Structure formats: C-alpha cells, structure tokens
Peer 1: 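Take a look at the following structure, please.
In this text, all values refer to a predicted model and were calculated from it rather than measured experimentally.
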Amino acid sequence: MPLNSVNTNVGAMVALQSLNRTADELSATQKRISTGFRVADARDDGAAYAVAERIRGDMAATNSANQQLGGVKGLLEVTNSALQNVSTTLQKLKEITVKLADGTITAEQRTQYQSQAKQLTNNVQAFIQDASYNGLNILDDATAASVKVITSGSGTYYSFSSYSAQAQVFDAISGANGWTAGDAAAALTATGAIGAAITNTLTQLNNFGSYANYIDNQITYNKAILDAQESGLGALVDTDMAKESARLQALQIRQQLGTQALGIANQAPQSLLSLFKG
C-alpha cells in the first residue's frame, strides 16, 4: 500500500504504533525507578515474584524468631545477674559463718553476727524472687520445668531447665541467724549448708551462662541468614537504577521524536488533498 494514500495514512499508523510501544516501555521504566524493583508485582515476572514472596515470608519469620530470642536473652541476663548477686552474698555469709563457728565469741557478738546473717539470707531470697523478666522467673520455679525457646522461622526449639534456687540455695541457709557454733562449723563443710549453697549457685551460673551464650550465637546466626536472604532477594527483584535512569532518558527522547514523527505523518494527507483542490 502506498504511503501517500489519501484514504489510509499508513505513515501515521506506523508512527502511532511506535509511539505507543515507547509509551509502554517508558511506563515500565518509570515503574522500576519509582518502586526500586525490577519485579514489583506478579505482572512483571510471575515466577520471580513468587520466589521473592516466599523469601520475604522466610525473612519475616526469622525476624520474629530473633525478637523472641531477644526476650529470652533479657531473661537470662536478669537470671545471671541475680545468681551473681546471690554468689557474692553467700561469700559474705560464709565470712559471718566462720565467726559464728568460733566458740570464743561472746553471746552479744553471736547475736550481732546472727543479725548480719539474717540480713544476708534475706538478700539471697530477694535476689531469687526478684529475678523476673516479662513476668517470668526461672530461678523461683519449684518444678524446675523445661523452657522451650523458638530459635528460627522454621519452628525449631532450644530447651533448657529452670531452677528452684529457693529450695536448692535459700532453704539451705535460711536458718543461719539461729546457728550455734556447731551448726556453723557443719555449714562450712563441702556438703554443709553454706558449701552446698555456694556449689549449687556456681553450677547454675555456669549453666545459665552457657544458655545465654547459645542464645547470643543463635541471634548472630539468624542475622547472618537475614543478610544472605536480603542479598539474594535484592539480586532477584531489585532494579539497576543507573541502567534504568539512562534508559528513561533515551525513551523520553524517543517519545519526543515519535511525537514529532506522528505530527509530520498526519500532515502528509493534508498536503495531498491540497494538491487535488488546487
């Protein structure tokens, strides 16, 4: 068909088709630049979008697990602080117990030492009872139940046992304010009240310290997973901003030229008609 037909303006049709294609490409490029994504929704690339959504779900789950681990970290830090204070107080109580075991002290001195022992045992009990975080106290648990902590977005758990410090530590030394010289001497032996209370406290400090280290390591590991997931997600769906910016400028120029070409093509039939009228 001749391009100079007076019935059908083929030149204008070709120019319009080209201009429409440019407009579609320009719209897609502007979308990539405005969203920052090469794949912003399923229309851009359905398969890539489906994979990206799954990765986003995994990342959200891992983030949630790390938030829960952060709470457990706080609980264990409070617990360890309480046990450290208990340990320090037991050392002081041991000093007082040595004096109570001395048969040469006067009745008045014994009363004074017993009064000091009472205050120290009260402190031990307070440290145990106040070791609460978010309403949970794993030192004041008579059942020594297992604590299950979610560690990942896939639903895996880490378990550790709570501890009845009330029964295993405080109850052993709660009567220190009434100890005679013989009672005090017996309490100082390795298996005596003071010796057992100190051993139990140090054992639990070691245990809860190990639990805290595991939680710290798991939080760090989860963060590394999140970094890797985010990097992979970016490679999958993020747009190349430098490339798209250059493409935007090229398309804008092409659109301007296409508009001019369409205008010229639309004038051609008018020129032919003027010849016939002339």
Side-chain angles (χ1 to χ4, degrees), residues 32 34-87 127-169 200-241:
R32 294 189 189 106
S34 63
T35 63
F37 292 120
R38 181 186 65 83
V39 182
D41 51 48
R43 289 174 298 179
D44 296 327
D45 185 336
Y49 185 74
V51 173
E53 284 297 277
R54 184 178 295 277
I55 294 173
R56 290 187 180 103
D58 291 343
M59 291 176 66
T62 303
N63 262 319
S64 182
N66 251 17
Q67 290 171 5
Q68 298 307 113
L69 286 171
V72 176
K73 179 179 179 179
L75 173 63
L76 290 173
E77 286 178 350
V78 168
T79 301
N80 279 318
S81 293
L83 284 173
Q84 287 168 3
N85 279 285
V86 168
S87 178
F127 293 142
I128 294 170
Q129 293 178 344
D130 292 343
S132 179
Y133 181 88
N134 195 30
L136 182 63
N137 188 335
I138 54 177
L139 281 184
D140 194 15
D141 187 354
T143 62
S146 176
V147 180
K148 294 183 68 177
V149 183
I150 193 160
T151 59
S152 71
S154 60
T156 56
Y157 285 95
Y158 172 66
S159 299
F160 61 88
S161 296
S162 58
Y163 183 68
S164 180
Q166 179 78 19
Q168 300 299 320
V169 177
N200 289 343
T201 299
L202 295 178
T203 298
Q204 291 309 310
L205 267 172
N206 178 55
N207 289 342
F208 283 108
S210 297
Y211 305 154
N213 285 335
Y214 178 90
I215 297 299
D216 284 341
N217 290 337
Q218 186 64 40
I219 289 173
T220 300
Y221 176 62
N222 284 349
K223 288 180 178 178
I225 290 176
L226 285 169
D227 289 343
Q229 288 174 327
E230 186 172 4
S231 177
L233 181 62
L236 182 65
V237 301
D238 284 356
T239 191
D240 184 337
M241 295 299 288

Peer 1: If I take atom CG from residue Asn137 and atom OG1 from residue Thr79, how far apart are they, to the nearest 0.5 angstrom?
Peer 2: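 Between atom CG of Asn137 and atom OG1 of Thr79 there are 7.0 Å.
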
Peer 1: Measuring from atom CD of Gln229 to atom OG1 of Thr62, what distance do you get when rounded to the nearest 0.5 angstrom?
Peer 2: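 Spacing of CD (Gln229) from OG1 (Thr62) equals 5.0 Å.
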
Peer 1: Is it the case that the side chain of Asn200 and the backbone of Gln168 share a donor-acceptor pair, with hydrogens and angles ignored and the cut-off at 3.5 Å?
Peer 2: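 The answer is yes, because a donor-acceptor pair under 3.5 Å joins these two groups.
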
Peer 1: Just checking Tyr211 against Tyr214, ring centres under 6.0 Å apart?
Peer 2: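 For Tyr211 and Tyr214, the ring centres are not under 6.0 Å apart.
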
Peer 1: Please determine whether the number of non-hydrogen atoms from other residues, nucleotides or ligands lying under 6.0 Å from atom CD of Glu230 exceeds 12.
Peer 2: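 Result for CD/Glu230: open.
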
Peer 1: Please round to the nearest 0.5 Å and tell me the distance separating atom OG of Ser164 and atom CD1 of Ile138.
Peer 2: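 So the gap between those two atoms works out to 12.5 Å.
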
Peer 1: Would the distance check show the side chain of Ser81 and the main-chain N or O of Glu77 forming a donor-acceptor pair, the cut-off being under 3.5 Å?
Peer 2: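 Indeed, once roles are kept as given, a pair shorter than 3.5 Å links the two residues.
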
Peer 1: Sequence neighbours left out, what passes side chain to side chain donor-acceptor pair (under 3.5 Å) with Gln204? Give chain and number order.
Peer 2: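 In terms of side chain to side chain donor-acceptor pair (under 3.5 Å), with neighbours along the sequence ignored, Gln204 is linked to no residue.
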
Peer 1: Taking atom CD of Gln218 and atom CG of Asn213, what is their separation to the nearest 0.5 Å?
Peer 2: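 Between Gln218 CD and Asn213 CG, I get 13.0 Å after rounding to 0.5 Å.
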
Peer 1: Check whether any side-chain heavy atom of Leu75 sits under 4.5 Å from a side-chain heavy atom of Asn134, and report yes or no.
Peer 2: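 Not touching, per the 4.5 Å side-chain cut-off.
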
Peer 1: Go through Val72 and Tyr158 one step at a time and tell me if the side chain to side chain contact (heavy atoms under 4.5 Å, CB included) criterion holds.
Peer 2: CA-CA 11 Å; Val72 176; Tyr158 172 66; over 6 Å; no

Peer 1: Check the pair Asn80, Gln84 against side chain to side chain donor-acceptor pair (under 3.5 Å), reporting the backbone distance first and the verdict last.
Peer 2: CA-CA 6 Å; Asn80 279 318; Gln84 287 168 3; 5.7 Å; no

Peer 1: Given the rule in the side chain to side chain contact (heavy atoms under 4.5 Å, CB included) test, do Leu202 and Leu205 qualify, once you have shown the distances and angles that lead to the verdict?
Peer 2: CA-CA 5 Å; Leu202 295 178; Leu205 267 172; 4.2 Å; yes

Peer 1: I would like to know whether Phe160 and Asn207 meet side chain to side chain contact (heavy atoms under 4.5 Å, CB included); could you show each step before the answer?
Peer 2: CA-CA 9 Å; Phe160 61 88; Asn207 289 342; over 6 Å; no

Peer 1: Does any N or O in the side chain of Ser64 come within less than 3.5 Å of the main-chain N or O of Ala60, such that one atom is a donor and the other an acceptor?
Peer 2: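 Looks like no, no N/O pair under 3.5 Å.
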
Peer 1: I need the Ile215 CD1 to Asn66 CG distance, nearest 0.5 Å.
Peer 2: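 Separation between the atoms: 10.0 Å.
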
Peer 1: Under the 3.5 angstrom rule, does the side chain of Asp140 hit a backbone N or O of Ala131 as a donor-acceptor pair?
Peer 2: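 Looks like no, no N/O pair under 3.5 Å.
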
Peer 1: Report yes if the side chains of Leu236 and Val39 come closer than 4.5 Å at any heavy-atom pair, otherwise no.
Peer 2: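 The answer is no, as the side chains (C-beta and beyond) never meet within the 4.5 Å cut-off.
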
Peer 1: Distance-only, no hydrogens or angles: does the Thr151 side chain make a donor-acceptor pair with backbone N or O of Thr156 under 3.5 Å?
Peer 2: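 Yes.
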
Peer 1: Return yes when atom CZ of Arg54 has more than 12 non-hydrogen atoms of other residues, nucleotides or ligands closer than 6.0 Å, and no otherwise.
Peer 2: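 No, not enclosed.
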
Peer 1: Using every non-hydrogen atom in the two residues, find where Ala52 and Val237 come nearest and quote the distance to one decimal.
Peer 2: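 Reported closest heavy-atom pair: CB-CG1, 3.5 Å.
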
Peer 1: Among Asn217, Asp227, Leu69, whose side chain to side chain contact (heavy atoms under 4.5 Å, CB included) with Asn222 holds?
Peer 2: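 Answer after filtering Asn217, Asp227, Leu69: Leu69.
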
Peer 1: Could you state the interatomic distance from CZ (Phe127) to OG1 (Thr201), rounded to the nearest 0.5 Å?
Peer 2: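 Rounded to the nearest 0.5 Å, the CZ-OG1 separation comes out at 12.0 Å.
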
Peer 1: For Gly153 versus Ala65, what's the shortest heavy-atom pair and its separation?
Peer 2: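 Residues Gly153 and Ala65, closest heavy atoms: N-CB, 4.0 Å.
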
Peer 1: Which atom names give the shortest non-hydrogen contact between Ile219 and Gly70, and what distance separates them?
Peer 2: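 Closest approach of Ile219 to Gly70, heavy atoms only: CD1-N, 4.2 Å.
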
